[in-house]
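Structure first, commentary second.
Because only heavy atoms are used, hydrogens play no part in the values below, and waters and symmetry mates are left out as well, while side chains stay in.
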Amino acid sequence: MHSRMDLSTDVYERIVAAKLFMDQHFHEHINLDGISGRACFSRFHFHRLFSRVYRTTPHQYLTRKRIDKAQELLAGNKPVTDVCNEVGFESVGSFSSLFKKEVGIGPQHYRNMQIMRQQQAKVQPRSFIPHCFIESYKLDRQR
């Protein structure tokens, strides 16, 4: 097994630059050929290097980035179709399936749960504060 230290500084910097490109353009239609080309590697070599450095494939990384952003947008009460388009998916059906696979529940259900949770936090704010914080600041004694 190789470590990250086996890579030259130039190679490592190109892999990091490709990851940063993915971070900035995750919502666009980007693919392995385009990303690897920007890093000046063949798609196969780039895939191996990226996976070695980040311990995940470029596709898995991009998917996770999109799902994380989708969760943030859904929690902000955005419609599922808008979220789907904003994070770079072309079909609501494929987005919903992948979201459910990754998160465990569908995007609409996730959105509804987040809305309920936010409403609950307004009604019962103490239930969303860690007990150790309440204890250390003696919030349970103040009314």
Side-chain angles (χ1 to χ4, degrees), residues 1-140:
M1 180 81 178
H2 296 287
S3 72
R4 289 182 223 185
M5 300 304 147
D6 295 1
L7 301 176
S8 71
T9 301
D10 173 60
V11 168
Y12 188 70
E13 286 174 355
R14 287 163 39 201
I15 295 297
V16 171
K19 181 210 167 273
L20 293 173
F21 174 79
M22 292 168 73
D23 289 344
Q24 294 168 349
H25 299 276
F26 70 91
H27 58 281
E28 299 171 15
H29 181 70
I30 57 177
N31 58 32
L32 188 58
D33 286 328
I35 299 164
S36 61
R38 291 184 65 85
C40 299
F41 291 115
S42 74
R43 64 181 291 161
F44 302 107
H45 192 52
F46 174 75
H47 190 280
R48 274 192 303 274
L49 291 170
F50 188 94
S51 298
R52 191 163 110 195
V53 170
Y54 291 106
R55 306 254 188 259
T56 187
T57 69
H59 178 73
Q60 289 167 331
Y61 179 79
L62 191 57
T63 297
R64 187 74 248 160
K65 187 86 178 156
R66 287 174 170 165
I67 295 296
D68 288 348
K69 183 63 176 180
Q71 287 179 287
E72 178 186 319
L73 294 171
L74 289 166
N77 201 11
K78 274 210 169 192
V80 173
T81 304
D82 293 354
V83 171
C84 169
N85 295 327
E86 242 180 273
V87 299
F89 287 93
E90 295 177 14
S91 141
V92 174
S94 62
F95 165 67
S96 295
S97 296
L98 186 60
F99 188 95
K100 185 171 184 172
K101 180 181 168 224
E102 294 290 318
V103 179
I105 56 175
Q108 186 67 45
H109 187 198
Y110 180 86
R111 180 174 163 255
N112 293 342
M113 283 179 53
Q114 294 304 312
I115 292 167
M116 283 184 3
R117 186 180 171 143
Q118 290 167 9
Q119 290 170 346
Q120 240 181 343
K122 289 177 185 174
V123 175
Q124 297 176 321
R126 287 190 184 178
S127 64
F128 291 86
I129 300 172
H131 184 69
C132 59
F133 187 84
I134 290 173
E135 287 263 319
S136 65
Y137 288 94
K138 301 182 184 358
L139 296 177
D140 56 345

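The aromatic rings of Tyr110 and Phe99 lie perpendicular to each other, with more than 60° between the two planes, well past the 30° mark.
A donor-acceptor pair is defined here as one N or O able to donate and one able to accept, closer than 3.5 Å; no such pair exists between the side chain of Gln118 and the backbone of Gly76. Side chain of Arg111 to backbone of Val80: no donor-acceptor contact under 3.5 angstrom is found.
The two atoms that bring Met113 and Ile105 nearest to each other are SD-CD1, 3.5 Å, heavy atoms only. In this structure, Arg43 and Ser36 approach most closely via the heavy-atom pair CA-OG, 3.5 Å. Residues Thr57 and Ser51 approach most closely at CA-OG, 3.6 Å, considering heavy atoms. In terms of heavy atoms, Lys78 sits closest to Leu74 at O-CD2, 3.8 Å. In terms of heavy-atom proximity, Met22 sits nearest to Ile30 at CA-CD1, 4.2 Å. Between Thr56 and Phe50, the shortest heavy-atom distance links the atoms O-CD2, 3.4 Å.
Phe41 is not listed as a side-chain neighbour of Ile35, based on a closest heavy-atom distance of 4.5 Å or more. In this structure, Glu72 and Asp68 have side chains that are not in contact, with every pair of non-hydrogen atoms separated by 4.5 Å or more. Ile15 has its side chain within reach of Phe46: a pair of non-hydrogen atoms, C-beta onward, lies under 4.5 Å apart.
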Can Met116 and Asn112 be said to form a side chain to side chain contact (heavy atoms under 4.5 Å, CB included), step by step? CA-CA 6 Å; Met116 283 184 3; Asn112 293 342; 5.8 Å; no
| task | Could you go through the side chain to side chain contact (heavy atoms under 4.5 Å, CB included) check for Phe44 and Leu32 one step at a time? | result | CA-CA 9 Å; Phe44 302 107; Leu32 188 58; over 6 Å; no
Apply side chain to side chain contact (heavy atoms under 4.5 Å, CB included) to residues Leu7 and Arg52 and explain how you reach the verdict. CA-CA 10 Å; Leu7 301 176; Arg52 191 163 110 195; 2.9 Å; yes
* Asked: Does the side chain to side chain contact (heavy atoms under 4.5 Å, CB included) test come out yes or no for Thr63 and Arg66, once each step is laid out?
  -> CA-CA 5 Å; Thr63 297; Arg66 287 174 170 165; 5.8 Å; no
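Here the CD-OG distance, from Glu13 to Ser8, works out to 8.5 Å after rounding to the nearest 0.5 Å. Rounding to the nearest 0.5 angstrom, the gap separating the CZ atom in Phe95 from the CD1 atom in Ile67 is 5.5 Å. How far CZ of Arg117 is from NZ of Lys122: 14.0 Å, rounded to the nearest 0.5 Å.
Around atom NE2 of His59, no more than 12 heavy atoms belonging to other residues, nucleotides or ligands sit under 6.0 Å away.
Under the rule for a side-chain contact (heavy atoms from CB on, under 4.5 Å), the partners of Asp23 that lie at least two apart in sequence or sit in another chain are Lys19, Leu20, Tyr61, Lys65.
Identified under the salt bridge (charged side-chain N to carboxylate O under 4.0 Å, His left out) test for residues 88-102, with sequence neighbours left out: Arg64-Glu102.
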